[in-house]
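Some notes on the structure that comes next.
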Amino acid sequence: MTVLSDRPVRLRFAPSPTGFFHVGSARTTLYNWCVARQMGGTFVLRIEDTDAERNKPEWTEGILSAMRWLGTEWDEGPYFQSERTALYAEAAARLHGAGKAYYCDCTREALEDRTGDPNQGYDGFCRTRGLTVGPGRALRFVTPDEGTTTVIDLIRGEPTFENALIEDFVIVRGNGAAMFLLANVVDDIDMRITHVIRGEEHLPNTPKALMLWDALDGGPEPVWAHVPVLVNERRQKLSKRRDKVALEMYREDGFLAESMRNYLMLLGWAPKEGPELQPFASLATQFRLEDVVPSPAFFDVVKLTAFNGDHIRLLPFDEFLDLCRPWINSDSVPWAKDRFDEDLFVALAPLVQERVSLLSEVPGYVDFLFTDEVAYDDTAWSKVMLKANVPALLGAVADAFGTCEWEPDALKEALEAAGVGVGVTKRQQVPVRVAVTGKQFGMPLYEPMALLGRDVVVGRIEAARACLA
Ligand code: GLU
């Protein structure tokens, strides 16, 4: 089994625009893109929009925008299956003409009456009835009653399916619309696809695809690679109702495209050289489809979040600043827009870059710089400020800050000395942090205090103390 092909290499990503762009689809896209690039092939984008009831143009837009964000630009397409229906009708007619498909008007109830089992597949009742095309009549493909069909899969080996268990499946619905499988196979043949990399959930369809491929004289079959399903921490398949699966949501939460790409590549594969965290260019070169493992891959949001923080740390500062822009310029920032101070932000952004895991956290790290009145976090206030010694500490610090030299080291020294003076020897800066920033956690305190200035800082400490009186 090999990834090599003696035909011009052509891969495709074939999403159905029925919802948000799933992280599993993003991983499939990346693998397809990498193999196309490695083999000097063509990467085709095909939108499988045959299900008119579930498809929406905005889902297609979402796919295109997600792929651009990931950097998996396509070389050809997007093709839309909704514009290619003539091709499917022609293939259906060909199969029917050759006796490889037949029209069927059985209802589900009629089938159940015959078999007595609601779970039983189609029994072939219409195979020999010679029905012609007509309203409400579906076209079924004649599957062999004996033998087996083997899928030769780069990741899964040679899963083999009993033909007798594969019913005569529908390829054209009663309303004349081509079913997913027919359109999918006709297009793969027509687009001369050499490698099909897709989710494991499609594996049960693949013997049917092979039968159709053969019946349509599709020529050499593609190299198949079914990539592992993604699961959550309870080993359950990711579900859009339960888990956060939309790539868009990660993007909106401030994940970087670079860390998303990096993390998604690792869901089923690991680089042989170097750490897990690597520039995408290096992963894309090292990636080997043959090395993808078949077992389910854990989509670990905690690890992804930590990964994102690590990637943020690696960004050149200017790039970090650029990536922060949409977040600090957004309409939902917690400060009045005219209070924003670019110089102050730029001066302190290196400290933010050291700490955030997500870009969406950036405004919350700097909001205290652009406000006249500190908004105290409730938990921080109750956990930190209501201790007996806090008013005395704040008083001593306000006094010390009234006269000390105004630069970070001197502030640190003054604060510590003031704490010791009132018997607070540990974590003296936490109440001061709450007074100045409103929060219990955040960037180091001394640099921003130095930049905010004596009047502002002392004013905030006094204000917090007044609240405690
Ligand atoms: N349209 C199918 C899906 O979105 C993909 C089919 C394929 O890759 O062959 O799941």
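Read the numbers this way: they start at 1 and go in the same order the structure lists the ligands and their atoms.
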Centroid-centroid distance, His311 to Tyr263, less than 6.0 Å: no
Could you tell me whether Asp188 approaches ligand 1 through its side chain, its backbone, both or neither, with non-hydrogen atoms closer than 4.0 Å? neither
Aromatic contact between Trp74 and Phe13, with the criterion being ring centroids under 6.0 Å apart: yes or no? no
Logged contact type for Phe13 with ligand 1, heavy-atom cut-off 4.0 Å, is neither
Tyr250 ring center near Phe299 ring center (under 6.0 Å): yes
At what distance is the nearest protein heavy atom to atom 10 (O) of ligand 1, and which residue and atom is it? His202 NE2, 2.8 Å
Check for me whether the distance between the ring centres of Phe280 and Trp33 falls short of 6.0 Å. yes
State the atoms of ligand 1, each with its element, that fall below the 4.0 Å cut-off from a heavy-atom position in Glu48. 1 (N), 2 (C), 5 (C), 6 (C)
Checking Arg355 against Tyr365: charged group under 6.0 Å from the ring centre and within 45 degrees of the axis? no
Pro15 N/O to ligand 1 N/O under 3.5 Å: no
Using 0.5 Å steps for rounding, measure from the CG atom of Leu70 to the CZ atom of Arg27. 13.0 Å
Nearest non-hydrogen protein atom, atom 2 (C) of ligand 1: Ala14 O, 3.4 Å
Determine, for Glu248 against Arg251, whether the closest basic-nitrogen to carboxylate-oxygen distance falls under 4.0 angstrom. no
For ligand 1, is there an atom lying under 4.0 Å from some heavy atom of Asn184? yes
If you measure every N/O of Glu201 against every N/O of ligand 1, is any gap under 3.5 Å? no
Distance to 0.1 Å, residue and atom name: give those for the protein heavy atom nearest to atom 8 (O) of ligand 1. Arg12 NH1, 2.8 Å
